[in-house]
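Notes follow once the structure below has been shown.
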Amino acid sequence: MEYNYRAIEKKWQKEWRDSGAYKVSNSSDKPKFYVLDMFPYPSGAGLHVGHPLGYIASDIYARFKRLKGYNVLHPMGFDSFGLPAEQYALETGQHPALTTEKNINRYKEQLDNIGFCYDWSREVRTSDPGYYKWTQWFFLQLFDSWYNRKNQKAERIKDLVDIFKAEGNTNSECPGDKKLRFTAEEWNGFDNQRQQEILMDYRLAFSAFGEVNWCEALGTVLANDEVVNGVSERGGHIVVKKKMRQWYLRITEYADRLLQGLEQVDFSDSMKEMQRNWIGKSMGAEISFRLTPGPSPHGEGIRDTSEEMSGHFFKSGNQKFWKTLKEYGRDNRKNATQSEDLLWQNLRNNQLDIKVRRQHAINGFIADFALMEIKLVIEIDGDYHNEQEQQEYDEARTKYLHEFGFDILRFTNTEVLEQTQSVVGTIKKEVQTRRQIKREAAASPLLRKEKGSGDEATLVVYTTRPDTIFGVDFMVIAPEHALVPKITSQEQKPAIDKYLDYVKSRSERERLAEVKSITGAFTGAYAINPFNGRQIPIWISEYVLAGYGTGAIMAVPCGDQRDFAFAKHFDIPITNIIGDAYNGEEANPTKDATLQNSDFLDGKVMRDAIDIAIDKLEEMGIGKRQVNYRMRDAGFSRQRYWGEPFPIVYKGGVAFALDESQLPVELPYVDTYSAGPEGEGPLANLADWIIAPGGGTRETNTMPGYAGSSWYFLRYMDPHNEAVFADRKATDYWSQVDLYIGGTEHAVGHLLYSRLWTKVLFDLGYIGFEEPYKKLVNQGMIGSFIKNIYRLNFNYKIGDGSGMVNVNQFIEEFGVHPEHYKADIPNIFISKEIAGRIDSNSINEKDKRLIDEAIEKAMKIKENIAGTLFFDKYKITGIPVETFLVEDDKLVIESFKVHSRLGNQNSIFVSSCNTFHCGSELGKMSKRYYNVVNPDDIVERFGADTFRMYEMFLGPVEQSKPWDTKGIEGVHRFLRKFWRLFADETKGLIVTNDAATPAELKVLHRTIKKIEEDTERFSFNTAVSAFMVCVNELNDLKCHKKEVLQSLLVLITPYSPHIAEELWKLLGNEGSVLDASFPKFEEKYLVESSKEYPISINGKHRTNINIALDAIQPVVEQIVLSNEVVQKWLDGKAPKKIIFVKGKMINVVI
RNA sequence: GCCCGGGUGGCGGAAUUGGUAGACGCAGCAGACUCAAAAUCUGCCGUUCGCAAGGAUGUGCUGGUUCGAUUCCAGUCCCGGGCACCA
């Protein structure tokens, strides 16, 4: 009875399919376990051996959990919307629906060959209308939600509208347009269109104008991947930025929760780190700097900061006036009005649990009362000015205080005098609300300022190092910064304009490419250091990005390398604030130096000074703690065909959601895939479809690839439900994915988006959990060697040789690319050794002679073929050669001539020895390297069980490693050996019912323990090796006992299910081994009475002695010392010390 | 540049808390069976000295802690992955 794996595997795969062995129920007494693979995009190339690595790992784990008594959900599906199918359609005219269907069928066939335990009845495809109906539905939920920062969760738009009706947006900042402020009255006065526009600035799915890569020549928008060095990857056409209306997901609102959620999930450190980097949270401060006057090109300039105005309205940028101001405040306090005094009596001494200052100077103003902590000013409108004048002052003052983040509460004299308690109550309430907001703001992206903004009088910078404020030698703002035209001085205008032209001429790619070049221009304007009044020049430079922070930085050259380089390049004097820690040669970004030349921070360690500095800035009202995120809102529309249509119609320019009952919006059939008239997606060409039945025009963008994959794990739970995306009972039962396996390439994209969707669904009450994936395991890539052959460069002239052939002409003439040209051109191939010498310019005479001879030979052959041939002497090109034509880096020349796309009978090989070597380097498995190994071939040769075990045996799942088909023999031999424990070729089944010996039981239970532990911690490679050890030992013991073997069979089922099932049946068992229960490990079989102790002398292992495990130290010492090896090493001396670690080892120190 | 991994035989890799480094497999060498091949089985297999017994040395490199370090600490080099004028 032979191990006929082909027959066995086919038989059981059919059996499992017919009996529905892997069908999973949503109701079970067993505990649930959800094992999920990242579903594949079904590409035309099919699977290669790298793909199933993760699938095998998850399959093993799923089967293991099933044996352990869990109800296991282990589904599979297809991420079937995507660009490649559309690209293919564009090239061949085949509809993506057809090619996708074809590819999926091939994938399923390949997957079934490997024997996975998927419940195919739960298969999902993102391109199915029954599936994307719900993707569209999710989009509508996002569209109909906003993020309530107070409650830190998504809420419905109608609740937001209620708030606006009642109080406007005074208590919540608008995330879309941070400057937008309106009252309830104003809101109610807006027309519907205006209201919808405002709501769009709050929606979690919103539309806005964004830049896309527009390629005029191709008439389409390109993904970032498709753009290389500013031109299209295909064809090399110019690509420009074009503004288009796009959909976005407001993921930035969830930045903090996405960050915090990482604490609750079991992802690898590097994975978490990648997500943290992506979110890019940094803590720092925003600091407002006053500007000194600089004559503007328009002659307006900035208002003179030393200007003094009448009344108690002051503006001052320098200390002299600050002082004057303070004196003025003191005077006012002495001459307070009656109402001021009355209110003061009610506010002083922390009566409202907050410190209130009276007649306090804030940035050039004297406020009647100032509550610095919450940035609130209380003013009592007196009656000693005429009304007109008073209003002007108030207006100006309000404006300026707003600029510094203060709000003003106004009361009249009469109010204060007559309704004192009501006034105090109002203040009290305001204090509470503002404190609450402040708390939230500290924990959310709320406080982010509008990018690139700034106002005329101040420059707001973001810094993580406010402690270095005395080391600021210049400011740098982004060239796109709104302040640039306003502050540029007359003299500097030409230089700035020139620089701006230069920046415009550079594509984003270029700006990013030349990281180290230093460019910039001086604006002629100065900012004022608020602490020492120093004038700081303001520069612009492309190294400061408009999109991050405030688009402006304070440059501290002694502490930041880029700032340092900039200062050196433009000869800006450098202030040293860290003494010896700065050597003048390079910046020192330390946080541990002690500050000098830093006024009130002198002597402080920088790390501690950060908080002190911010406190001071806050107290002065010119700075605040600020959290910044690198993450941007996620673009959610594509100008493509093969994706989910949006359930959106436009009426009068306003986007409206379709009603749920109108879903799905099915993707209409098209026969051309070219872009719409304005570069929209192909859907824009369908004049009929665009007109929506209920009026209005449809959105012609489609959703991106990650739309469908953001929630697919939920659909598996209840895949055929037509009423909801999944029944709440089903999502409550299956809940989080317990184990998610997939590649690192989705670390930030897919994982972040699906975490976002899950959080939104949770907030809206649709599901009961907030994180989709409890544990994530990343499988490594399986690489493959790329074998390179080196060809002597040549040119081939057609016909009479009147012109050299360029590639396009060649293709026209011969119908193939020259590289694939199989005709009789006598190509000359150079062996790796000589090629290496050519590359390193150390080519010797012999090499030259060999090559010259080859050329001569080629020329002779050439006489028989048309055209003219030229060789480029001693210049070579490495070309990937089909790996199956190379053995141990040696080219199989005869096969090459026949089977390679590069070879023909005239091929000439130049080598300095008998064999012809190719180059070899580790790389990706890819069609274009001709190194793809197809799992079907491996399964055909060795069987699915061997393939599964070998993939696991290669090394840890998480690790990347090269594929080597040779090694698979070992695993195959192991399975045959395993089979022979049960059956003999001639005698048939040889399993006996004899009782197992202690030695056999020991082997078995040691294996049970090892397999259980290793499987549980995803150490599948060591588990396979444990099986090998076990089989070797049972073989040595000649053990064929059912008692032992049957348990072993269950153990190995997850790894090699087919052979296990077959032998299970042969042993006469009823039912399937899939439903057996995992053998129970029993310690008692492993208990030993003695141990072969390793004996070390001075830490070096010398011998082993068998000693009883319960022996106590004195006895052990005696035994050890009497040992002859130990005696020899002691050489008559007495040991200094004997270290005895019970059950481990003994070390004698001499 | 920053962040995260990782460096162990000819190769893939093992050593779970500091305790016999190199499990298991591949490749290689020697042998058995065979007319032969395949298949199978046995032995050897880090380097080095030695006929052997046995010794020296050895986990990228340099130091340190320890009775004892692949494992812990400091520094350094190299490789892989991610991010990148991010203030």
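Predicted model only: the values in this text are computed from it and were never measured. A, B, ... follow the sequence lines: proteins, then strands. Residue 1 opens every chain.
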From the candidates rA21(B), rG55(B), rU16(B), the one with an atom nearest any side-chain atom of His1101(A) is rA21(B)

What contact category does Lys1009(A) fall into here, base, sugar-phosphate, or nothing, at under 4.0 angstrom with non-hydrogen atoms?
nothing

P atom, rU47(B) versus rC11(B): distance in rounded Å?
12 Å

Backbone N/O of Ala587(A) and side chain of Gln561(A): donor-acceptor pair under 3.5 Å:
yes

Both distances under 3.5 Å, Watson-Crick or G-U wobble: report the partner of rC33(B), or none.
none

With C1' as the reference atom in both, quote the distance from rA39(B) to rU34(B) in angstrom, rounded to an integer.
11 Å

For atom C1', what is the distance between rG46(B) and rU42(B), given to the nearest Å?
23 Å

If you measure from the C1' atom in rU71(B) to the same atom in rU8(B), how many Å do you get, rounded?
12 Å

If we count only N and O atoms by modelled type, under 3.5 Å, do the side chains of Thr883(A) and Asn931(A) hold a donor and an acceptor together?
no

Any strand is fair game: report the nucleotide pairing with rA27(B) by Watson-Crick or G-U wobble, both distances under 3.5 Å, or none.
none

Does Arg1102(A) make a side-chain N or O approach to OP1 or OP2 of rA56(B) shorter than 4.0 Å?
yes

If you go through the side-chain atoms of Asn277(A), does one of them form a donor-acceptor pair with the base of rC83(B) closer than 3.5 Å?
no

Return the nucleotide paired to rG22(B): Watson-Crick means purine N1 to pyrimidine N3 with N6-O4 or O6-N4, wobble means G-U with N1-O2 and O6-N3, both under 3.5 Å.
none

Measure from the side chain of Tyr543(A), starting at C-beta and using heavy atoms only, and say which of rU57(B), rC67(B), rC85(B) lies closest.
rC85(B)

What contact category does Val1141(A) fall into here, base, sugar-phosphate, or nothing, at under 4.0 angstrom with non-hydrogen atoms?
base

Taking atom P in both rC73(B) and rG19(B), what distance in whole Å separates the two?
15 Å

Check the chi torsion on rG28(B) and let me know: syn if it falls within 90° of 0, anti if not.
anti

Does Lys1100(A) reach a base, just sugar-phosphate, or nothing at all? Heavy atoms under 4.0 Å.
sugar-phosphate

Touch class at under 4.0 angstrom, heavy-atom based, for Gln959(A) against every strand present:
sugar-phosphate

Is any side-chain N of the basic residue among Asp611(A) and Arg625(A) closer than 4.0 Å to the acidic one's carboxylate O?
yes

Is the Phe978(A) to Phe1027(A) ring centre distance short of 6.0 Å?
no

Compare the minimum distances between each of rG25(B), rA15(B), rG13(B) and the side chain of Pro956(A), then state the nucleotide with the smallest one.
rG13(B)

Which nucleotide wins on minimum distance to the side chain of Lys961(A), given the candidates rG13(B), rG55(B), rA84(B)?
rG13(B)

Partner of rG80(B) by Watson-Crick or G-U wobble geometry, both contacts under 3.5 Å, or none?
rC4(B)

Report which part of the nucleic acid Pro962(A) touches: base, sugar-phosphate, or nothing (heavy-atom distance under 4.0 Å, all strands).
nothing

Just checking Arg973(A): base, sugar-phosphate only, or nothing, at a heavy-atom cut-off of under 4.0 Å?
sugar-phosphate

What is the nucleic acid contact for Trp1129(A), judged by heavy atoms within less than 4.0 Å: base, sugar-phosphate only, or nothing?
sugar-phosphate

Answer with base, sugar-phosphate or nothing: what part of the nucleic acid does Asn1147(A) contact at a heavy-atom distance below 4.0 Å?
base

Is the distance from the ring center of Phe474(A) to that of Phe522(A) below 6.0 Å?
no

What's the CG-P distance between Asn1104(A) and rU20(B), to the nearest Å?
11 Å

Give a yes-or-no answer on whether the side chains of Ser282(A) and Asn628(A) include a donor-acceptor pair shorter than 3.5 Å.
no

Walking RNA chain B from its 5' end, the first of Glu985(A) and Thr464(A) to be reached, judged by nearest nucleotide, is Glu985(A)

Tyr5(A)-Ser1056(A) side chain donor-acceptor pair, cut-off 3.5 Å:
no

Base, sugar-phosphate, or nothing for Asn1032(A), non-hydrogen atoms under 4.0 angstrom?
sugar-phosphate

Separation between the C1' atoms of rC61(B) and rG7(B), rounded to whole Å
11 Å

With no hydrogens and no angle check, do the side chains of Asp563(A) and Tyr543(A) hold a donor and an acceptor under 3.5 Å apart?
yes

Within the 4.0 Å heavy-atom criterion, would you say Ser270(A) contacts the bases, only the backbone, or no part of the nucleic acid?
sugar-phosphate

Given rA87(B), rG25(B), rC67(B), which nucleotide is nearest the side-chain atoms of Phe953(A)?
rG25(B)

Closest listed nucleotide, where the reference is the side chain of Val1029(A) and the choices are rC4(B), rU16(B), rA23(B)
rA23(B)

Rounded distance in Å between the C1' positions of rC4(B) and rG9(B):
29 Å

Which residue lies toward the 5' end of RNA chain B, Lys966(A) or Ala552(A), if each is placed at its nearest nucleotide?
Lys966(A)

Please give the distance between the P atoms of rC44(B) and rG54(B) as a whole number of Å.
15 Å

Remember a base hit wins even if backbone is also touched, and classify Thr1022(A) as base, sugar-phosphate or nothing at under 4.0 Å, heavy atoms.
sugar-phosphate

Under 4.0 Å, counting only non-hydrogen atoms across every strand here, what does Leu954(A) touch: a base, just sugar-phosphate, or nothing?
sugar-phosphate

